[in-house]
Amino acid sequence: MTGFRTRAIHAGQEFDPTTGAVIPPIYQTSTFVQDGIGGLRGGYEYNRSANPTRTSLQTLLASLEGGRHAYSFASGLAAEDTLLRALLRPGDHVVLGNDVYGGTHRLLDRVLGAWGVEITAVELTDLGAVRAAVRPGSTKVLWVETPSNPLMKITDIAALAELGHDAGLTVVVDNTFASPALQRPLDLGADVVVHSTTKYIGGHSDVLGGALVMDDDALAEKVGFLQFAVGAVSAPMDAWLTVRGIKTLPVRMAQHSANAQAIAEHLVGHPAVERVYYPGLEQHPGHDIAARQMSGFGGMMSLALTGGPQAARRLAEGTELFQLAESLGGVESLIGYPDAMTHASVRGTALAVPENVVRLSVGLEDVTDLVADLDEALARL
Ligand SMILES: *Cc1c(COP(=O)(O)O)cnc(C)c1O
């Protein structure tokens with residue numbers, strides 16, 4: 001099983017030996033009968049420690065990211081919290097991107113900050129700035145997100161992994177926007193991959209989840225212990241839905257990328273659009289790196305509008321097919337206004353998103369319908 005598309009369908013998905021059911025069942029149970037005290041069947045004891053449906057998802061995720069260990073969680077932020085608690089102690093310092101996902105910043109700044117963790121947000125595309133932000137002895141983690149949210153900045157994972165390892169840091173990549181179908185950070189030298197599986201991996205806007213994938217056995221043991229000891233695990237039904245979504249991940253990502261590319265090319269030069277942020281455009285400053293480290297440019301893009309904040313708000317409220325909502329990565333197209341939605345928690349800080357920006361999650365509808373929807377809404381501004 002070497003091909004990515006084959007693994008997306010089969011890794012960890014053996015048919016049910018009792019009935020022959022092609023699809024492994026949802027083990028909707030909180031506990032497992034023991035054959036005498038400590039006589040566990042397949043190692044299963046209690047749902048917080050392990051459940052076969054979660055195991056099947058974790059095996060699948062490890063296979064897709066090319067890592068030895070995967071853990072799935074109730075949300076992306078639960079996964080991040082578990083990882084950061086495994087890696088950090090009071091007084092430790094984290095270097096992260098200056099347009100990191102708002103929730104990641106909030107978790108580090110407002111939750112872990114109270115436990116003595118410090119952060120510095122830098123421009124990750126500037127390797128000198130990253131190097132300068134590292135505090136020898138106390139910096140433990142370099143947190144990378146590429147493409148970033150919402151300005152679609154691209155950072156060179158291999159270069160940052162090398163820089164981070166030279167400084168003795170654990171290099172974490174939030175791979176939510178690309179998914180393993182388009183980008184595999186562990187192959188590029190990263191230590192840990194983080195996902196909000198709520199987004200492209202689940203892919204159908206019907207389940208919340210998160211995941212961590214890593215090679216390092218010692219770190220995996222710490223993460224596994226915390227997952228069990230804290231308990232933010234994926235529920236069986238959620239794990240099953242996520243597996244169901246993953247089977248079509250490669251085909252979905254190819255079509256998300258094709259639709260987004262067509263929309264980006266259509267909107268470049270539109271009089272109402274000041275700038276299109278999409279790494280598939282040759283003029284995007286990260287295009288060459290993206291072309292090297294990704295196998296497609298994905299379905300996310302942002303638009304800066306010439307009409308300023310008011311035009312951005314009106315566009316976000318003015319489309320029909322692109323529905324106004326938080327989140328991304330589903331089969332249906334969504335539009336958001338980061339300043340007041342996904343990035344409201346960083347408003348007024350150095351991490352704030354320009355107020356004339358809207359973010360698009362380009363879905364799998366007919367691209368002609370999506371273009372028409374945007375054109376009509378832009379004409380009404
Ligand atoms: C949504 C998101 C998260 C957080 O995941 P949840 O599943 O919402 O907890 C983290 N990183 C990125 C890039 C995201 O888009």
Side-chain angles (χ1 to χ4, degrees), residues 57 61 65 70-85 94 96-112 119 121 124 141 143-155 157 172-183 185 190 192-213 227 230-235 238-239 241-242 245-246 253 256 260 277 279 294 298-302 325-330 334-338 341-346 351 353 357 359-363:
L57 170 59
L61 289 168
E65 285 289 1
Y71 295 91
S72 87
F73 294 85
S75 72
L77 281 169
E80 294 185 19
D81 177 52
T82 302
L83 175 66
L84 290 165
R85 284 203 256 181
V94 176
L96 72 171
N98 61 4
D99 66 345
V100 69
Y101 174 70
T104 302
H105 187 265
R106 181 178 54 211
L107 172 66
L108 277 160
D109 187 39
R110 293 178 50 192
V111 181
L112 297 176
I119 59 173
L124 287 182
V141 172
W143 191 279
V144 179
E145 197 182 311
T146 178
S148 72
N149 180 13
L151 297 183
M152 306 303 296
K153 282 189 211 159
I154 301 293
T155 47
I157 295 174
V172 179
V173 175
D174 182 335
N175 203 26
T176 298
F177 269 36
S179 93
L182 302 183
Q183 173 174 279
V192 185
V193 171
V194 172
H195 276 288
S196 168
T197 56
T198 313
K199 316 293 168 53
Y200 286 107
I201 286 188
H204 295 74
S205 308
D206 53 9
V207 62
L208 191 72
L212 302 174
V213 187
Q227 185 194 46
V230 178
V233 296
S234 341
D238 291 358
L241 279 170
T242 307
I246 288 174
M253 292 316 294
H256 280 298
Y277 299 86
M294 303 174 78
M300 296 303 299
M301 79 175 65
S302 288
E326 301 274 3
S327 201
L328 61 108
L334 299 180
I335 190 165
Y337 181 58
M341 295 172 66
T342 46
H343 288 63
S345 67
V346 292
L351 279 74
V353 175
V357 164
R359 188 185 77 178
L360 304 180
S361 173
V362 177

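Order of listing sets the numbers, starting from 1, for every ligand and every atom in it. This structure is a prediction, so every number in the text was calculated from the model and none was measured.
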Partner set under side chain to side chain contact (heavy atoms under 4.5 Å, CB included) for Asn149, not counting sequence neighbours: Tyr101, Glu145, Phe177, His343, Arg359
Exam field: side chain Ser234 to backbone Gly209, donor-acceptor pair closer than 3.5 Å: no
Taking all non-hydrogen atoms of both residues into account, name the closest pair between Thr198 and Ser327 and its distance. CG2-OG, 4.3 Å
Check for a donor-acceptor pair, side chain of Thr176 on one end and backbone N or O of Ser196 on the other, with a separation under 3.5 Å. yes
Any donor-acceptor pair under 3.5 Å linking the side chain of Gln227 with the backbone of Ser72? yes
Verify, without hydrogens or angle tests, whether Gln183 (side chain) and Thr146 (backbone) share a donor-acceptor contact under 3.5 angstrom. yes
Please tabulate, one line per pair, the protein nitrogen or oxygen atoms found under 3.5 angstrom from a nitrogen or oxygen of ligand 1, with distances to 0.1 Å, or say none if there are no such pairs.
| unit_1 | atom_1 | unit_2 | atom_2 | d |
| --- | --- | --- | --- | --- |
| ligand 1 | 5 (O) | Ser196 | OG | 3.0 |
| ligand 1 | 7 (O) | Gly76 | N | 2.9 |
| ligand 1 | 7 (O) | Ser196 | OG | 2.8 |
| ligand 1 | 7 (O) | Thr198 | OG1 | 2.8 |
| ligand 1 | 9 (O) | Gly76 | N | 3.0 |
| ligand 1 | 9 (O) | Leu77 | N | 2.9 |
| ligand 1 | 11 (N) | Asp174 | OD2 | 2.7 |
| ligand 1 | 15 (O) | Lys199 | NZ | 2.8 |

